[in-house]
Amino acid sequence: MIVAMPVEGKTMSASINKSFGRTQYFLVYNTETQQKTFLANEAANAQGGAGIQASQFIVDQHTNALLIPMIGKNAADVLKGAGVELYMTSGCSISGNITAFLDGKLESLTQIHAGFHNHGGK
Amino acid sequence: MGVNKLKIAILSGKGGTGKTLVSVNLAAVCNDSTYIDCDVEEPNGHIFFKPVIEDKSDIKVLIPVCDDAKCTGCRACVEFCNFNALAHVNGSLMIFEDICHSCGGCKLVCPENAITEKEKTIGKIEIGKSNETNVISGIMNTGEESGVPIIDELLNRDFIDTYNYFIDCPPGSSCTVMESIKDADYCILVTEPTVMGLHDFKMVYELVSLFKKPHSVILNKCTIEYNPAKQFCLDENINILMEIPYDSELALLNSQGKIVARESRKFNEMFSILLETVLKEVHK
């Protein structure tokens, strides 16, 4: 399966990014092949709707599960619409969260916030 | 709004500097005048005027609707949308109505003609009268993305036929402010003696200069202390219309939602002089 998460840098030592829509990078991890790919988030500097654009990108990577500290409503709607499962990260380590996820220790993310919209003005 | 009218826009950048105080009182002391509240996110001119509402109308915009049977999932619309209001997942198009800016682009770029449009109400306009002053307010529904369509309607539909229009602009210097001053004949910038007031004043000063609008400044809440906004005007050679003192009587009346020019002879004279000065500047 494909697991994705927002990360602050392109290395395994980088932290999980608190922001989903505006994160600089995503790590896409294939649990079967153990292949790790760091992808730049094109939505990072979007004028608006970053969460929606980032969600489309995550869906397009055939992601099955997204690990995130929190997420906004619009993004969650897109991801859930595509059947992506949402899990809440624990701590900020990438490998720690992958291990916890594989061990079934991450909880489903059920709290969806209203979103931090209008970062880029109207 | 037709030609042969005088449209004066009042703006400030920072909120709370006295835009509404100035626009309400100028409109109140001026004959044959209409006050237009373009601060559609939080209109407050009506609190002072307490107008008798004579007419109302809903403001509608067009937002896309997708026919899934026609959509092939090419995503031309998703890629086109600059506001990211569209996503294509699980074989169907998701449309985020709150984020859509009603540009109509998705409909134009769809090669399958799968997108049509439906109307959505985003706010309303109220037209009323307070003594002899006409009062028009734009009110945007909570949660809507942009007040521009409401402002466009406020300023372009001939609701009331008067000669003088006082346009109370939204704070800031974004699209809604640009829409509000776009067709104005003259701009009045209201500022206060604070560092933040000056910072935002510089932004609107840059904006009116960019729009090549003739403009002047009102320095509000003036004390005997150093006024950074005044210094800036002197340095930049910007015309100062008036310095309104930091006056507790004025502040009290204003905080009670009263129109100071209607309550006291002193303030009536003050705003009448201000109006005269403005009109002289406009016709220079």
Side-chain angles (χ1 to χ4, degrees), chain A residues 1-4 6 19-24 26 28 39-66 68 71-86 109 112-122, chain B residues 13 38-41 61 63-64 66 68 73-103 105-106 122 140 142-152 170-180 200 203 207:
Chain A
M1 78 187 295
I2 306 286
V3 185
S19 168
F20 169 67
R22 305 257 172 209
T23 185
Q24 289 297 316
F26 285 110
V28 176
L39 298 166
N41 174 26
E42 283 182 18
N45 299 315
Q47 203 188 358
I52 296 168
Q53 196 186 344
S55 299
Q56 177 80 67
F57 180 73
I58 287 298
V59 171
D60 293 346
Q61 307 308 312
H62 308 288
T63 306
N64 304 101
L66 179 69
I68 27 154
I71 197 155
K73 188 181 176 303
N74 291 339
D77 284 350
V78 176
L79 295 162
K80 283 180 179 171
V84 178
E85 292 191 39
L86 309 178
L109 184 84
I112 311 289
H113 65 76
F116 304 116
H117 302 139
N118 298 328
H119 285 293
K122 293 174 192 179
Chain B
C38 286
D39 189 2
V40 300
E41 286 183 41
V61 294
I63 50 165
C66 181
D68 283 344
C74 77
R75 299 196 189 182
C77 56
V78 175
E79 272 146 45
F80 178 84
C81 184
N82 212 13
F83 301 100
N84 295 316
L86 304 171
H88 190 272
V89 292
N90 229 354
S92 73
L93 188 67
M94 291 180 83
I95 298 164
F96 290 85
E97 298 187 356
D98 291 347
I99 290 181
C100 174
H101 280 54
S102 303
C103 75
C106 50
I122 59 159
M140 184 163 83
T142 307
E144 290 303 335
E145 184 68 14
S146 170
V148 170
I150 302 175
I151 297 168
D152 179 48
S173 53
S174 66
C175 302
T176 50
V177 179
M178 292 184 225
E179 186 70 27
S180 304
D200 289 8
M203 293 171 75
L207 184 71

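Chain letters run A, B, ... following the sequence lines, proteins first and then strands; every chain starts at 1.
Applying the salt bridge (Lys or Arg N to Asp or Glu O under 4.0 Å) criterion to Asp200(B), with sequence neighbours excluded, gives no partner residue.
Contact detail for His88(B) and Gln56(A): the closest heavy-atom pair is N-OE1, 2.5 Å.
Only the side chain of Val78(B) has a heavy atom closer than 4.5 Å to any heavy atom of chain A. The contact between Val59(A) and chain B is made entirely by side chain atoms (from C-beta outward), counting heavy-atom distances below 4.5 Å. For Asp60(A), the part sitting under 4.5 Å from any heavy atom of chain B is the side chain, from C-beta outward, and nothing else.
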Side-chain donor-acceptor pairs under 3.5 Å in residues 80-87 of chain B, sequence neighbours left out?
{"unit_1": "Asn84(B)", "atom_1": "ND2", "unit_2": "Gly48(A)", "atom_2": "O", "d": "2.9"}
{"unit_1": "Asn84(B)", "atom_1": "ND2", "unit_2": "Gln53(A)", "atom_2": "OE1", "d": "2.9"}

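No side-chain heavy atom of Asp98(B) sits under 4.5 Å from any side-chain heavy atom of Lys73(A).
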